[in-house]
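The structure presented is a predicted model; accordingly, all values stated were derived computationally and were not measured. All residue numbers refer to positions in the sequence shown, counting from 1.
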Amino acid sequence: MTSLLVIIVLVLLAIALWQLTKIFDLTQVGASSDDSQVASDNDNNVQGYVMFGFLAFIYIFTIYGLLKWGGLALHTPASEHGLLVDNLMNITWVLIFIVQFITQGLLYWFSFKNRGHKDRKALFFADSNKLEAIWSIIPSVVLACLILYGLYAWNNIMFVDKDEDVIEIELYAQQFKWTARYAGADNTLGKANVRLIEGVNTLGVDMSDKNSQDDIVVSELHIPKGKKVHFKMRSQDVLHSAYFPHFRAQMNCVPGMVTEFAFVPTYTTAEYRELPFMVEKVAHINKLRAEKSAELVAKGGTALDPYTFDYLLLCNKICGASHYNMQMKVVVDSPEDYKKWLSEKTTLAQDIKAAAAAEKPAEGAAPTADSAAKVIDTVKAVVDTVKAAVAKVAMK
């Protein structure tokens, strides 16, 4: 209701201003005015200085934005290829800012220098081969270098030798959660198909495949430091995107196909938490949370929990209403801790057998109280039926 009232007030205000403009125009009837709609020298000078003012605004706001929000960018990468990605990004930013500074300055300077004047006639020339060559060759060379560097980075990141010692993990995306499947001791993922999803087997793993017998399914991702991890990704429903921001890795998860990505973690979770910039960042966040908690408690609410840094796997595609909540905790362990954690997990085959056993009562087991009560009720019903039949015969 409040929004409707605000809209009505704004509409009425606009109508009032429009009427006031009309009244002002009526008051100018008979007064001398220039209705030629041709810009005078004064108009051109004013527009030229306004353009310079806008140029100053662009430069000042750019510098302000870098100082104000530059610290929000991701800091130290946590993967080997992260430095390569960051270098490519930084080179791109530097080129963008240099080109923007030069081209915007030239654009507004020439607009001001060649502004209209009553004693000046515009000069027209059809083309300039020199200018065409300059603004065609230079951008082409720069973009070609960027593309070649990008292809070099992409090939280094994406290349996984078939004989390379890697850890095979599947990331399974569905609205709105992630599930991970480890290849087990044979380091080979078993086949899977969405048509095989049933009960505990929520990933549709083909249990008739011998490679599936040691696969392990978990809801929290653990990976070892210093070891290349090869991720294979599937989606059950819609297009998702597996995004590891701190590892500088992202790959779409497409229904009906398997995509892949690989990287080598360089910091354990504990080590990354101790980096100076992260310690400062966490302290700042917790300071803000403490201030907010004081407000909530004063209003009878619940205080916010302190923030602790964790690596996260996020979905970077808008995949539905709860897209914002589609995330998975990622823990980078030391190799020893990783092996210990993995050894404590049961395989999917064991989980399926345990679920099947829980559904079937043990053979030869004593009847439970519920089953005994059901038998008694059935016997009573039979006896009552027989008694009723005998009474009818006696009456006849």
Side-chain angles (χ1 to χ4, degrees), residues 78 167-185 187 189-194 196-207 211-225 227 229-247 249-253 255 258-261 263 265 268-270 272-273 305 307-317 319-334 337-356 358:
I167 297 174
E168 296 284 349
I169 300 177
E170 178 185 73
L171 295 177
Y172 189 75
Q174 62 189 117
Q175 295 175 313
F176 298 96
K177 70 174 184 177
W178 294 98
T179 307
R181 176 164 64 110
Y182 289 75
N187 203 35
L189 289 164
K191 297 177 182 178
N193 193 305
V194 292
L196 300 176
I197 294 176
E198 183 179 4
V200 177
N201 189 7
T202 56
L203 273 60
V205 179
D206 185 357
M207 299 311 298
N211 294 323
S212 302
Q213 301 307 308
D214 59 352
D215 287 1
I216 299 170
V217 177
V218 297
S219 58
E220 182 177 282
L221 184 63
H222 283 243
I223 51 179
K225 172 187 174 182
K227 183 77 171 180
V229 185
H230 185 205
F231 293 100
K232 294 184 176 180
M233 306 165 197
R234 289 191 298 139
S235 173
Q236 176 176 300
D237 34 49
V238 299
L239 186 67
H240 298 278
S241 185
Y243 178 42
F244 298 87
H246 294 92
F247 302 102
Q250 178 174 305
M251 181 58 65
N252 287 345
C253 305
V258 177
T259 53
E260 57 186 337
F261 201 102
F263 61 79
T268 66
T269 300
Y272 205 84
R273 287 172 178 169
D305 295 328
Y307 169 73
T308 302
F309 169 79
D310 280 307
Y311 294 121
L312 291 174
L313 165 61
L314 306 171
C315 177
N316 212 20
K317 286 286 185 293
C319 57
S322 295
H323 153 74
Y324 69 94
N325 202 33
M326 186 172 171
Q327 55 184 259
M328 176 190 245
K329 181 180 176 181
V330 181
V331 180
V332 179
D333 294 315
S334 64
D337 290 341
Y338 169 75
K339 290 179 181 178
K340 181 177 181 296
W341 174 85
L342 193 62
S343 66
E344 296 171 350
K345 301 300 176 184
T346 57
T347 64
L348 177 60
Q350 292 172 331
D351 294 339
I352 292 174
K353 289 178 181 178

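- Using a 4.5 Å heavy-atom cutoff, the side chains of Q174 and T179 are in contact.
- The CZ atom of R234 lies 8.0 Å from the CG atom of N193; values are rounded to the nearest 0.5 Å.
- Looking only at side-chain heavy atoms (C-beta outward), T202 and Q236 stay at 4.5 Å or farther from each other.
- Closest heavy-atom contact between M233 and E260: CE-C, 4.4 Å.
- Within the 3.5 Å criterion, the main-chain N or O of A349 finds no donor-acceptor partner in the side chain of Q213.
- Surrounding CD of E198 are at most 12 heavy atoms belonging to other residues, nucleotides or ligands under 6.0 Å away.
- The salt bridge (charged side-chain N to carboxylate O under 4.0 Å, His left out) search around R181 returns E170, D215, not counting sequence neighbours.
- In this structure the side chain of F231 never reaches within 4.5 angstrom of the side chain of M251, judged on heavy atoms.
- In terms of heavy-atom proximity, V332 sits nearest to P265 at CG1-CB, 3.9 Å.
- Counting heavy atoms from C-beta on, the side chains of H323 and H240 never come closer than 4.5 Å.
- The minimum heavy-atom distance between D237 and P255, with the atom names listed, is O-CG, 3.5 Å.
- Contact check for V200 versus V217: no side-chain heavy atoms found under the 4.5 Å cut-off.
- With sequence neighbours excluded, the residues satisfying ring pair (Phe, Tyr, Trp, His ring centres under 6.0 Å) with Y182 are W341.
- Residues F176 and S322 approach most closely at CD1-CB, 3.5 Å, considering heavy atoms.
- When the ring pair (Phe, Tyr, Trp, His ring centres under 6.0 Å) test is applied to Y243, no partner is found at least two apart in sequence or on another chain.
- Remark: H230 NE2 to I169 CD1 distance equals 11.0 Å, nearest 0.5 Å.
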message: Go through it in stages, so that I can follow the logic: the residues are L348 and L203, the test is side-chain contact (heavy atoms from CB on, under 4.5 Å), and I'd like the CA-CA distance, side-chain angles, deciding distance and then a yes or no.
response: CA-CA 10 Å; L348 177 60; L203 273 60; 6.0 Å; no
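- Residue W178 comes nearest to A173 through the heavy atom pair CZ3-CB, 3.4 Å, listed as atom of the first residue, atom of the second, then distance.
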Show the atom names and distances, to 0.1 Å, of all donor-acceptor pairs under 3.5 Å that link a side chain in residues 307-316 to residues at least two apart or in another chain.
| unit_1 | atom_1 | unit_2 | atom_2 | d |
| --- | --- | --- | --- | --- |
| D310 | OD1 | R273 | NH2 | 2.6 |
| Y311 | OH | Y267 | O | 3.2 |
| N316 | ND2 | Q250 | OE1 | 2.7 |

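- D206 pairs by the side-chain hydrogen bond (donor to acceptor under 3.5 Å, both in side chains) definition with S208, not counting sequence neighbours.
- Counting only distance, with no hydrogens or angles, the side chain of D214 and the backbone of T347 share no donor-acceptor pair below 3.5 Å.
- Annotation: side chain of C253 is not in contact with side chain of L171 (no heavy-atom distance under 4.5 Å).
- Taking the centre of each ring, F261 and F244 stay at or above the 6.0 Å mark.
- Remark: of the listed residues V331, V229, T268, V229 is the sole one forming a side-chain contact (heavy atoms from CB on, under 4.5 Å) with I223.
- Dense packing is recorded around NZ of K227, with more than 12 heavy atoms of other residues, nucleotides or ligands lying under 6.0 Å away.
- Side-chain contact between V330 and F247 is present, with at least one heavy-atom pair separated by less than 4.5 Å.
- Every residue two or more places apart in sequence or in another chain was checked for a ring pair (Phe, Tyr, Trp, His ring centres under 6.0 Å) with Y324, and none qualifies.
- A donor-acceptor pair under 3.5 Å is formed between the side chain of T259 and the backbone N or O of N252.
- In this structure, L196 and N201 approach most closely via the heavy-atom pair O-ND2, 3.6 Å.
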